[in-house]
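The next block holds one structure in the form of structure tokens; read it before the comments.
Below, read A as the first sequence line, B as the second, and so on, with proteins coming before strands; counting in each chain starts at 1.
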Amino acid sequence: MTELPKAYEPTVVEEKWQNRWLSEGCFNADPQSDKPAYSIVIPPPNVTGVLHMGHVLNNTIQDILVRRARQEGKEVLWLPGTDHAGIATQARVEKELAKENPPRTRYDVGRTDFMKMVWEWKDKHGGIIINQLKRLGCSCDWERERFTMDDVYAPEVARVFTELFKEGLIYRGRRMVNWDPVLRTALSDEEVIMTPSKSKLYTIRYKLADGSGQLLVSTTRPETIMADVAVAVNPKDPRFGHLVGKTVIRPLVETEIPIIADEHVEIEFGTGALKITPAHDRTDFEVGTKHNLEIIDVLTADGHINCPDCPELHGLDRFVARDKSIELIEAKGLLEKVEDYENNVGMSERSHVPIEPRLSMQWFLKYPCVKEAAEAVANGDIVFRPAHWAKTYAHWLEGIQDWCISRQLWWGHRIPVWYRKDKADELQEAAKLDEADAAAGDIYVGVEPPADPENWVQDEDALDTWFSSWLWPFATMDAECRAKFYPTCDLVTGPDIIFFWVARMIMAGYRFADGKPFSNVFFTSIVRDLQGRKMSKSLGNSPDPLDLIAHYGADGLRFGLMRIAPTGTDVKFDEKQIEEGKNFANKLYNAARFRMMQGEADSVAPVFTSVHIDILSKLKELHVTVADALSKYEFNTYTQALYSFFWNEYCSLFLEAVKNDLREGDPAVKNATLHTIDTVLRHYLALLSPIMPHITEELWQSLGFAARNEGKPLMSTPLPSAEHLLAGLSDTHISKARALSTALYDTANRARNLKAEYNLATNKKVRFVVKPSLPVDDDLMSRLALLAGAQSATAEPDYEAPKGTPTALTPFGELFLPLDGLVDVEAERSRISKELEKITKEIAKSNAKLSNASFVDRAPAAVVDQERARLVEWETKKAQLEAMLTALA
RNA sequence: GCACGAGUAGCUCAGUGGUAGAGCGGCUGUCUUACACACAGUUGGUCAGGAGUUCGAAUCUCUUCUCGUGUACCA
């Protein structure tokens with residue numbers, strides 16, 4: 001037998017198996033298979049992305065699910081791919097351009113060439129993350145990898161757009177949108193993060209035009225004052241009623257503007273008067289529309305002041321202009337006061353600058369199938385886990401607003417709309433465009449460009465990236481694949497994209513794919529650092545999963561993370577936990593190595609002793625626990641059960657108890673032990689394999705299990721059936737064996753305690769004597785000696801211990817540790833007295849409970865009986881301990 | 001403001017009505033021929049505070065506090 005290294009080295013092993021699985025096509029899905037289908041689509045990571053801990057958690061869970069499904073005999077599709085990530089990807093390439101000498105912008109390059117550059121960048125650098133997922137061991141069907149802009153996917157996006165347009169759900173309109181002045185594009189509401197910010201509240205004097213006084217108006221945005229078209233007060237406000245209808249002088253670019261009455265103004269807030277700036281505030285826009293007010297836009301697309309009438313501010317950055325405008329107002333003596341103020345400012349999720357409410361021409365979608373989507377989750381057709389996310393989801397759907405789907409970007413799906421060349425300018429200015437304009441032949445909407453392209457101009461904008469992602473569960477599949485694998489079974493994703501992605505996919509599924517896109521959604525934890533902060537690049541608190549894989553192995557990383565993360569609440573990431581994963585892999589490896597040192601088992605049918613039956617019975621239970629936990633998506637239970645079975649039950653108890661069988665003694669016992677070990681390992685590796693696929697695969701081969709199955713890899717082998725474990729043994733036989741084994745392990749614990757209490761080293765070869773209270777055989781006694789690290793353990797019914805011999809009460813009876821010359825009666829007396837004290841307390845507690853009539857009458861009989869049994873047990877022990885004390889006297 | 005989640009051992013987390021748990025850490029021993037990435041022993045908790053329901057509460061109800069997340073916002 002070749003000498004194996006003492007420590008497990010994952011790197012080579014993991015790569016080996018990843019390659020082999022791929023080359024054997026183990027991950028590939030067969031749509032023509034008649035096995036039941038199981039499918040998942042991956043949440044497509046950004047093509048610019050690199051693997052982070054969130055991906056690791058997410059994809060490990062998916063991999064567990066699909067690998068287990070394969071073992072259960074399902075035809076599995078795990079469909080991978082990447083997202084074109086409009087803004088992120090375009091920004092990457094623009095950054096490269098900016099680094100050139102001289103620096104260039106995309107406008108210098110031009111749309112066609114720029115697109116070519118992004119595609120080149122994507123082909124060269126994109127999809128790093130795909131390889132990283134492979135390093136993690138993800139068993140996706142890589143041959144079906146999709147990209148949200150590839151040439152089968154793109155037509156689907158255009159088709160969906162066209163259909164929704166024809167249905168009247170997509171329209172173009174001039175509306176207030178969230179404008180990102182850095183990226184110079186519109187954003188959806190979901191891409192704006194409201195952030196509490198420290199700012200100033202300026203109170204400014206607006207003089208009445210008739211010279212009869214002034215009106216105080218508070219604002220946080222004095223730089224837009226030139227765009228004021230009115231001042232509004234609440235019609236019910238007694239202070240200002242008489243002023244409505246009069247005019248005030250706008251402090252900058254002085255003009256008379258009316259004082260109007262509108263319910264929207266809060267009487268209590270600030271001065272009770274509100275400046276109305278329809279071009280730069282959402283609610284002001286509404287008020288303006290209602291009162292038919294002019295709209296004056298004084299900001300450029302990139303957030304600079306555009307107001308030639310105010311030369312001091314014209315051309316300034318919006319924040320510079322804010323200070324400057326206050327200087328101007330103060331110089332005019334119109335500044336009443338400045339206060340510190342905290343308000344919520346909408347920040348761009350992408351560029352992290354305050355967004356501008358901006359009036360612009362954009363495409364909008366009135367969501368389809370909102371009702372179906374809401375009902376599906378409400379009535380359990382789609383199950384959310386943890387369940388509480390259903391509430392968040394329902395709440396969002398209730399207040400749902402039209403989705404701004406156009407982006408002023410180049411990288412993405414270009415809007416499939418063309419304008420008649422001769423009418424293009426006119427159409428650009430229209431207040432709203434919809435199906436009527438298409439019917440009139442002024443615009444063309446379609447998957448293919450118009451037949452006479454020279455007469456048409458295509459819309460300049462691209463679609464929001466999510467407008468392609470929301471089709472992911474079906475647009476990634478061809479007809480054959482869809483027939484077999486749609487709807488998918490599970491979706492595993494972070495709760496942070498419940499609106500961006502999950503909700504929209506459900507709607508798209510109902511509208512475009514004849515029903516729900518998935519049956520279950522598992523929302524993962526969000527991985528945070530030890531201070532509880534979200535992991536982010538800028539904080540530098542996110543460990544690189546590839547480093548972790550290098551240190552601990554992919555299996556170690558997967559296992560370690562799953563041990564702490566999976567219940568659905570956020571998790572604080574601690575690298576220590578990953579180390580545990582590695583240690584566990586090492587433990588497993590060594591346990592297998594130990595088996596390999598023992599040689600072959602005979603083909604003779606084994607005769608099991610109690611410890612064999614005990615571990616096999618626990619193995620059988622493990623099957624149930626694992627199946628149950630996975631069916632309920634309780635990954636924590638799954639992982640813990642696997643861990644504790646192997647480390648505690650199998651290694652620490654069972655293996656330690658049977659080691660001697662392998663070295664010496666009865667060949668029949670040795671044979672039974674080898675059979676048991678092989679059975680446990682064979683089943684266990686299979687149960688563990690979904691979470692630690694590489695090491696289990698490696699050991700499956702090394703232990704020769706693959707050879708018995710035509711060399712097939714573990715991952716393609718059906719799960720061994722638990723039914724045949726201990727077949728033919730009666731339940732009584734099994735439970736008796738388990739009781740004896742438990743007694744053995746408990747007794748061994750007491751024996752080790754005794755040694756420790758007398759400061760005897762673990763490896764000190766002592767002698768134990770048991771005065772048995774139940775029939776114990778030599779087999780048990782020799783296992784006891786082994787477990788307790790003793791020279792011998794003997795059962796002697798008539799043993800008379802010398803006074804002061806250390807002793808303990810065990811399930812086997814009184815246990816003695818005869819120590820020649822080390823006898824201290826007082827020490828023994830005090831030890832036993834202490835134990836007696838404890839037990840007396842327990843008895844008192846138990847007695848109190850049982851003499852409580854309410855308890856006896858109202859508690860379930862089983863609970864009362866249990867308590868009675870407990871009391872009897874304590875009292876027996878007490879009597880024994882008292883006898884021991886007497887013997888010492 | 002509203003909604004949801006969390007608060008259990010020094011740390012990270014299990015535990016949805018019946019004797020408070022695991023791993024790590026700490027402390028003591030041990031290189032006992034599978035494993036020092038290990039073994040053995042041991043130390044850690046008024047289950048955030050208060051009230052209630054119950055024979056019995058970490059668990060159910062109410063309430064207070066702290067933290068997190070989402071969502072709505074008034075300049």
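If you check B:rU66 for Watson-Crick or wobble pairing at under 3.5 angstrom, you find it paired to B:rA6. Base pairing of B:rG41 is made with B:rC27, judged by Watson-Crick or G-U wobble geometry with both donor-acceptor distances under 3.5 Å. With both pairing distances under 3.5 Å, B:rU71 is matched to B:rG1 as a Watson-Crick or G-U wobble pair. A 3.5 Å limit on both hydrogen-bonding distances identifies B:rG21 as the Watson-Crick or G-U partner of B:rC13.
Within 4.0 Å (heavy atoms only), A:Ile498 reaches no atom of the nucleic acid at all. Across all strands shown, A:Lys845 has no heavy atoms under 4.0 Å from either base or sugar-phosphate atoms. Looking at heavy-atom distances under 4.0 Å, A:Phe499 makes contact with sugar-phosphate atoms alone, never a base. Counting any heavy atom pair closer than 4.0 Å across all strands shown, A:Tyr202 reaches no nucleic acid atom. Here A:Lys587 lies in heavy-atom contact (under 4.0 Å) with a base. Residue-level contact check: A:Val265 touches the bases, meaning some heavy atom is under 4.0 Å from a base atom.
Heavy-atom minimum distance, A:Gly346 versus A:Val192: CA-CG1, 3.6 Å. Among all heavy-atom pairs drawn from A:His694 and A:Val13, the shortest one is O-CG1, 4.2 Å.
For B:rA40, the OP1/OP2 oxygens have no side-chain nitrogen or oxygen of A:Lys755 closer than 4.0 Å.
Under 3.5 Å, the side chain of A:Glu656 and the base of B:rA34 form at least one donor-acceptor pair of N or O atoms.
A salt bridge does not link A:Asp228 with A:Arg250: every distance from a Lys NZ or Arg NE/NH1/NH2 to an Asp or Glu carboxylate oxygen is 4.0 Å or more. A:Arg831 has a carboxylate O that lies under 4.0 Å from a charged side-chain N of A:Glu757, or vice versa, which qualifies the two as a salt bridge. Ion pairing between a basic and an acidic side chain is recognised when a charged N comes within 4.0 Å of a carboxylate O; A:Lys236 and A:Glu263 show such pairing.
Both A:Lys572 and A:Asn753 sit near RNA chain B, but only A:Lys572 has its closest nucleotide nearer the 5' end. Residue A:Lys391 is the one, among A:Lys391 and A:Glu579, whose nearest nucleotide of RNA chain B lies closer to the 5' end (criterion: closest heavy atom).
A:Phe646 places its CZ atom 13 Å from the P atom of B:rA38, with the value rounded to the nearest Å.
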Taking only nitrogen or oxygen atoms into account, show me every contact under 3.5 Å that the protein makes with nucleotides 24-31 of chain B, one pair per line with its distance.
from	atom 1	to	atom 2	distance (Å)
B:rG29	N2	A:Thr762	OG1	3.1

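Counting only distance, with no hydrogens or angles, the side chain of A:Asp555 and the backbone of A:Ile695 share a donor-acceptor pair below 3.5 Å.
Under the ring-ring contact (aromatic ring centres under 6.0 Å, His included) test applied with A:Phe384, the options A:Phe523, A:Trp389, A:Phe522, A:Tyr633 reduce to a single match, A:Phe523.
Here the separation of B:rG45 from B:rA34, taken at their P atoms, is 38 Å to the nearest Å.
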